[in-house]
Amino acid sequence: MPELPEVEHVKRGIEPYVTGQQIIDVTFSDKVIAGKDVGKETIIKGISLDAFKTHSIGYTIQSVTRRSKYILFILKYDAGERILISHLGMAGGFFVAQDVEDIVIPNYRKHWHVIFHLDNGLKLIYSDIRRFGEIRNVAQLSEYPSIIEIAPEPFTDEAEAHYLSQFSHKKFQKMPIKQMILEHRVIAGCGNIYACEALFDARINPHTIAGTLSIAQRQKVFQSVVKVLKMGIENGGTSISDYVHADGQRGTMQNNLKVYKQKTCSNCGNDIVTAIIGGRNTHYCEHCQC
Ligand SMILES: [Zn+2]
């Protein structure tokens with residue numbers, strides 16, 4: 001699943017080509033249309049396809065931003081504003097191309113679902129092999145509460161204080177730290193890969209009950225999350241499954257992983273252990289993380 005660094009790269013890949021462009025048409029795939037017809041919210045959520053078109057066509061993409069694992073497109077039309085909120089799900093991706101046929105990877109070429117036709121002649125294409133992704137079209141963010149509850153971006157000044165304050169919640173106090181840092185109300189955008197890597201970096205066992213960590217350990221976990229997310233961005237994200245950039249290039253963070261799906265610990269040489277914590281596969285070194 002794309003995590004913060006991967007989503008950041010998707011955003012950076014499309015941003016220069018779509019910013020300032022007017023949307024002149026929107027096309028949906030047969031799967032999206034058929035899904036809506038039977039009441040399934042395939043990709044396009046919370047709005048009819050006709051209304052989605054009405055609130056997109058003629059609008060100009062003023063800016064593209066990332067919030068946690070969401071990509072937001074701010075649309076302007078005279079005095080009106082709409083926001084496209086998109087989530088890539090398990091394996092979605094945005095591509096900018098002259099045509100769908102120009103998408104290099106066959107699976108993404110085949111599984112396109114939404115095309116925004118831009119007035120510069122390019123197409124902004126959303127492809128999703130598994131169709132777990134989504135695109136919403138709202139007048140304001142408050143129409144989609146789950147984006148409002150997300151913690152501050154991890155690289156902002158207020159993020160650490162926000163994270164530390166979450167330890168006062170009983171619910172989080174009793175959780176393994178690994179499960180707690182996956183909550184987007186606690187830290188924005190830290191998914192499974194980066195949570196495993198951060199706890200190795202902090203040398204903290206992922207099973208440790210959050211409430212038992214010292215203040216220094218809590219701070220160390222946060223600093224390690226920020227460190228591995230930054231490393232992920234610098235390396236173009238992790239390409240373990242289907243993930244590719246908007247230009248079809250792959251990230252190289254998978255070559256820098258210390259524990260996630262690794263066999264032996266690069267620090268001590270012991271086997272990396274796998275456990276399920278909060279329903280998610282967790283990889284760690286029992287010797288280095290205690
Ligand atoms: Zn080790």
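Note that this is a predicted model, so its numbers are computed, not measured. Along the sequence shown, the residues carry numbers beginning at 1. Counting starts at 1 for both ligands and their atoms, following the listed order.
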J.: For the ring pair Y194 and Y260, is the centre-to-centre distance below 6.0 Å?
T.: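 That pair fails the under 6.0 Å test.
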J.: Strictly by ring pair (Phe, Tyr, Trp, His ring centres under 6.0 Å), give each pair with a member in residues 125-153 just once, sequence neighbours left out.
T.: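 Counting only pairs at least two positions apart or across chains, the ring pair (Phe, Tyr, Trp, His ring centres under 6.0 Å) contacts touching residues 125-153 are F94-Y126.
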J.: Can you name the ring pair (Phe, Tyr, Trp, His ring centres under 6.0 Å) partners of F155, sequence neighbours left out?
T.: none
J.: May I have all residue pairs that pass ring pair (Phe, Tyr, Trp, His ring centres under 6.0 Å) and include part of residues 53-72, sequence neighbours excluded?
T.: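 Those involving residues 53-72 are Y59-Y77, Y70-H87.
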J.: Would you please say whether a donor-acceptor pair under 3.5 Å links the side chains of H117 and T27?
T.: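 Distance-only check passes for H117 and T27.
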J.: What's the count of protein N, O or S atoms under 2.8 Å from the Zn ion (ligand 1)?
T.: 4
J.: Is any NZ, NE, NH1 or NH2 atom of the basic residue among R66 and E153 found under 4.0 Å from an Asp or Glu carboxylate oxygen of the other?
T.: yes
